[in-house]
Amino acid sequence: MTSIRPTGKRPTGMRPTGRAAGFVAIVATAALALSACSGGGGAAAPAAELSDEPVTLRFTWWGNDVRTANTQAVIDAFEAENPNITIEPQFADWNGYWDKLATETAANDSPDIIQMDEKYLSTYSGRGALLDLTTTGDNLDLSGFSKASLDLGTSEDALYGIPVGLTTYAVMVNPTILETAGIEIPDDKAWTWDELEEAGAAVTAAGGGNVFGVQSWGFEEGGLNNWARQHDDALYNDAGEVVIKAETLTSWWEYMLSLTEAGVSPSASATTERQAAGLAESFLATNTAGFATGWASQLTALQEASGAPLELLRIPITDDASTGSAYYKPSMYWSVSARTEHPAEAAVFLDYLVNSEEAADLLGTDRGVPANDDIRAYLTPNLPESGKQVVEFLDGLTEDVGDAPALTPAGGSAIEAIVKQYTEQVLFKQATPEQAAEGFIKDLKAAIAAG
């Protein structure tokens, strides 16, 4: 992350599962429909000019009621400054969002502005469904973003997504629970996975069966990505091929299983039940776990749910971990449909979203710590304490962060369903870690081949 630069007021401007398989099929249809407007690498047209006529843009996002209310407030503020442009909102929960977007794309009816996730960026950009934002000219100012940030949304020199926020995988700790157990907060600049297990065991021993040391994980790819990087491995190469070694996956699941068997982590049934219930019902959020892994951007929500002064720690490392295993992840992106009839106006709206201080005030950090350096610097003093903690934590990783992982290839959005499936099988002892590793690689390769 680049250093934070001071700024004044900026001017504002004019899984495999049935559902996952269905998504692949729908987007495959979309590829045919889009072939007439793109050679497969996105739309690279000259920068469009603003229209003299009134323009309506459709804007879609996923999220809860709070995000929807904040986003609508931004839309209202933008329309007040740009009376020639009307923004038509469209939103859904996470699961319904991707089904609807795939259907709309297949019907050549994509919204103009799209909230995009990393797991789907290659799927849509690779089929020409997203606009190359480097073609928007002066309508979109990206000077507040570091090259490293913009690289997170770039493929083959085309910018298909502007990172909205940045986050990183971390350990969250409840200091009150550790104090009760007589455990000091570990020195996260030097601790190992063995030390996490030891500290977790002490918390469990003091918890009397009501509090566990470490909340189980393994239901999304963040922790796996980090583990792979520590073992000089990766999920994918730059060509989008699955390259992770079976032994890397095996060691990951062996570690998680050992925590469960030792009682450091909750039972398999308790883990899956809480995981299905959502973040607010997790062990950390209900003050029944001392440690948990997750994205740093979740700290505020977890603090609010638990009422506890949670803190962020770096991920433990192996004794011989590769350097640069930590990485920044875009919380999400802003993208534009390649088929929009109003690329200039869409760029103006994106410019407002990423550069306007008023938009920053209204959106806060719900979508992550702003990736725009100038806006992050402006917003940080006004953040709640938890938000400042996240910014400080991210900035503190600058020396240790390596290059971002390769973008998830088309079809790779099924990874969460695949990871969840095999983690549950390992925890319930329906499969050994070795069997899970072999099945994971086979299933992920099949999903990408179908993508």
Side-chain angles (χ1 to χ4, degrees), residues 1-14 42-50 57 59 74 77-78 81-82 85 112-116 118 121 125 130-168 328-336 340 342-365 367-383 387 390-391 394-395 397-398 401 403-404 407:
M1 182 181 295
T2 58
S3 58
I4 295 177
R5 303 191 298 272
T7 179
K9 176 77 173 179
R10 292 180 63 90
T12 56
M14 309 261 316
E49 296 184 0
L50 294 168
L57 300 172
F59 173 31
V74 171
F78 172 81
E81 291 192 18
N82 300 272
I85 304 175
D112 300 274
I113 300 108
I114 303 166
Q115 184 175 291
M116 181 58 61
E118 191 277 334
L121 189 67
S125 65
L130 300 180
L131 183 72
D132 177 2
L133 297 174
T134 64
T135 66
T136 58
D138 295 337
N139 295 314
L140 177 58
D141 178 11
L142 297 175
S143 62
F145 293 82
S146 68
K147 179 181 182 300
S149 292
L150 294 179
D151 283 349
L152 296 172
T154 299
S155 177
E156 297 181 354
D157 297 324
L159 179 64
Y160 294 114
I162 303 173
V164 178
L166 296 178
T167 188
T168 191
Y328 292 131
K329 175 186 180 295
S331 56
M332 58 195 70
Y333 301 91
W334 297 130
S335 296
V336 172
T340 181
H342 307 289
E345 285 76 12
V348 168
F349 183 55
L350 288 193
D351 186 80
Y352 186 83
L353 287 174
V354 302
N355 290 321
S356 165
E357 292 178 356
E358 184 173 16
D361 288 333
L362 293 169
L363 294 176
T365 58
R367 287 181 168 92
V369 175
N372 182 321
D373 292 343
D374 295 335
I375 292 300
R376 186 171 64 252
Y378 163 76
L379 196 60
T380 297
N382 301 317
L383 291 177
V390 175
V391 173
L394 290 171
D395 286 345
L397 286 175
T398 301
V401 167
D403 294 335
L407 282 175

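For reference, positions follow the sequence shown, starting with 1.
By the 4.5 Å heavy-atom criterion applied to side chains, Trp334 and Leu133 are not counted as neighbours. Between Ile85 and Phe349 there is no side-chain heavy-atom pair separated by less than 4.5 Å. No side-chain heavy atom of Phe78 sits under 4.5 Å from any side-chain heavy atom of Glu358. A 4.5 Å side-chain heavy-atom check between Thr134 and Leu142 finds every atom pair outside the cut-off. By the 4.5 Å heavy-atom criterion applied to side chains, Leu130 and Val336 are not counted as neighbours. Between Leu350 and Ile162, some side-chain heavy-atom pair lies under the 4.5 Å cut-off.
The CD atom of Gln115 sits 4.5 Å away from the CZ atom of Arg367 when rounded to the nearest 0.5 Å.
Looking at every heavy atom in both residues, Pro163 comes nearest to Phe145 through O-CE2, 3.5 Å. Pro330 and Leu166 get closest at one heavy-atom pair: CA-CD2, 4.4 Å. Taking every heavy atom of both residues into account, Ser331 and Gly368 meet most closely at OG-CA, 4.1 Å. Across all non-hydrogen atoms, the minimal contact from Leu379 to Gly364 is CD2-O, 3.8 Å. Between Arg376 and Pro370, the shortest heavy-atom contact is NH1-O, 2.9 Å. Across Asn372 and Gly144, no two heavy atoms sit closer than the pair OD1-O, 3.4 Å.
Qualifying salt bridge (Lys or Arg N to Asp or Glu O under 4.0 Å) partners for Asp361, counting only residues two or more places apart in sequence or in other chains: none. In terms of the side chain to side chain donor-acceptor pair (under 3.5 Å) criterion, Thr154 has no residue partners (sequence neighbours excluded).
For Tyr333 (side chain) and Leu152 (main-chain N/O), a donor-acceptor pair under 3.5 Å exists by modelled atom type. Using modelled atom types, no side-chain atom of Tyr328 and backbone atom of Ser149 make a donor-acceptor pair closer than 3.5 Å. Using a distance-only test at 3.5 Å, with no hydrogens or angles considered, a donor-acceptor pair links the side chain of Asp351 to the main chain of Asp141.
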request  = Could you go through the side-chain contact (heavy atoms from CB on, under 4.5 Å) check for Val369 and Leu383 one step at a time?
outcome  = CA-CA 10 Å; Val369 175; Leu383 291 177; 5.9 Å; no
task = List the steps, then state whether side-chain contact (heavy atoms from CB on, under 4.5 Å) holds for Thr168 with Lys329.
result = CA-CA 6 Å; Thr168 191; Lys329 175 186 180 295; over 6 Å; no
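The environment of CG in Asp403 is sparse: at most 12 heavy-atom neighbours from other residues, nucleotides or ligands sit within 6.0 Å.
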